[in-house]
Amino acid sequence: MTDAPPERLYLVTAQSLEPEVFAPTLAAALAALPVACVRLDLGGAEEDMWRRAANHLIEPCHAADVALIITDHYRLVEPLGLDGVHLTGRASVRDVRKALGRDRIVGAFAGSSRHDGMVLAEAGADYVAFGPVGETGALGDETRAEDDLFTWWAEMIETQSVAEGGVSPEDAARLADAADFIVPDRRVWDGDDPVAALTAYAAALS
């Protein structure tokens, strides 16, 4: 009998989705792969859409014993029964931790900045995400989170790290010994077989 692979995949939803259609796809991925966390990220969608999506996705996540967290909208965590929040800079980790308590996950995004990551870790973030890894920044400044950032972080900082932003299976394999969790490129959801695409990431981390 072999041990199950460690849960190191961190899935971020498609930004534009129909919850009723996406939920079965997500359930299939969770049944087939070692997933640690799912993050609901709908960009600038209206609050009603965030609520509707969360209500559809929480069942398959919790049935698979996988945490479901939400991007930035921490005030929806408790009403919707979510497991935590991922902050992108719009609210402070300390304030959100105080609002949600110790039992909820509070993660945060630090871009490619080692200093910002340390500040977030010291403020009490459960994990710090760095990126983009495989694509240029939204402002076109071509700033990326380089491999040595993850290596240094793993050696020096106890807080867990997440690699995200255009991560390919090849990137995942390269960062397997440094990053604690990997966010597959969100374009995996656009293909005909997302589970097969995600399986390549699980293989890269094994």
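No experiment lies behind these values; they were computed from the predicted model shown. All values below come from the heavy atoms of this structure, side chains included, with hydrogens, waters and symmetry mates left out.
Cluster membership check: Val167 shares its hydrophobic cluster with Leu11, using side-chain heavy-atom separations under 4.5 Å among Ile, Leu, Val, Met, Phe, Trp and Tyr. Hydrophobic clustering of Ile, Leu, Val, Met, Phe, Trp and Tyr side chains at less than 4.5 Å, counting indirect connections, unites Leu33 with Leu175.
Separation of the Tyr127 and Tyr10 ring centroids falls under the 6.0 Å cut-off.
Val128 has its side chain out of reach of Ile157: every pair of non-hydrogen atoms, C-beta onward, lies at least 4.5 Å apart. The shortest side-chain heavy-atom distance between Leu30 and Val35 falls under the 4.5 Å cut-off. The shortest side-chain heavy-atom distance between Met156 and Met118 does not fall under the 4.5 Å cut-off. A heavy-atom distance below 4.5 Å is found between the side chains of Leu26 and Cys61. In this structure, the side chains of Ile105 and Val85 stay at 4.5 Å or more apart for every pair of heavy atoms. Proximity of Pro184 to Leu9: side-chain heavy atoms (C-beta onward) are separated by under 4.5 Å at one or more points. Annotation: side chain of Cys37 is not in contact with side chain of Glu7 (no heavy-atom distance under 4.5 Å). Trp50 places a side-chain heavy atom less than 4.5 Å from the side chain of Thr71.
Ion pairing of Asp147 with Arg174 is present here, as a side-chain N (NZ or NE/NH1/NH2) and a carboxylate O approach within less than 4.0 Å. Of the charged side-chain nitrogens involved, at least one lies within less than 4.0 Å of a carboxylate oxygen, so that Arg39 and Glu164 count as a salt-bridged pair. Remark: Asp126 does not engage Arg104 in a salt bridge, criterion side-chain N to carboxylate O under 4.0 Å.
Between the OH atom of Tyr201 and the CZ atom of Arg8 there is a distance of 14.5 Å, given to the nearest 0.5 Å. Atom-to-atom distance recorded for His56:NE2 and Glu18:CD is 9.5 Å, nearest 0.5 angstrom.
Heavy atoms from other residues, nucleotides or ligands lying under 6.0 Å from CZ of Arg75 number 12 at most. Annotation for Asp103: atom CG does not count as buried by contact number, only 12 or fewer foreign heavy atoms lying within 6.0 Å. In the displayed structure, Glu78 atom CD is contacted under 6.0 Å by more than 12 heavy atoms of other residues, nucleotides or ligands.
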Given the rule in the side chain to side chain donor-acceptor pair (under 3.5 Å) test, do Thr88 and Asp72 qualify, once you have shown the distances and angles that lead to the verdict? CA-CA 7 Å; Thr88 62; Asp72 287 324; 2.7 Å; yes
Evaluate side-chain contact (heavy atoms from CB on, under 4.5 Å) for Leu82 paired with Ile69, printing each intermediate quantity in order. CA-CA 6 Å; Leu82 304 177; Ile69 69 175; over 6 Å; no
Check step by step if side-chain contact (heavy atoms from CB on, under 4.5 Å) holds for Arg52 and Glu46. CA-CA 10 Å; Arg52 189 160 69 90; Glu46 296 294 327; over 6 Å; no
The test is side chain to side chain donor-acceptor pair (under 3.5 Å); show your working for Asp148 and Thr151 and say whether it passes. CA-CA 5 Å; Asp148 59 0; Thr151 302; over 6 Å; no
Worked check of side-chain contact (heavy atoms from CB on, under 4.5 Å) between Trp189 and Leu198: CA-CA 9 Å; Trp189 305 115; Leu198 289 168; 3.9 Å; yes
Show the numbers, then the answer: is there a side-chain contact (heavy atoms from CB on, under 4.5 Å) between Asp177 and Phe150? CA-CA 9 Å; Asp177 293 333; Phe150 293 97; over 6 Å; no
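No side-chain donor-acceptor contact under 3.5 Å links Asp41 to the backbone of Thr13. Although no hydrogens or angles enter the test, the distance criterion places no donor-acceptor pair under 3.5 Å between the side chain of Arg144 and the main chain of Ser112. No donor-acceptor pair closer than 3.5 Å links the side chain of Ser16 to the backbone N or O of Leu42.
No cation-pi contact links Arg114 to Trp153, judged by a cut-off of 6.0 Å to the six-membered ring centre and 45° from its axis.
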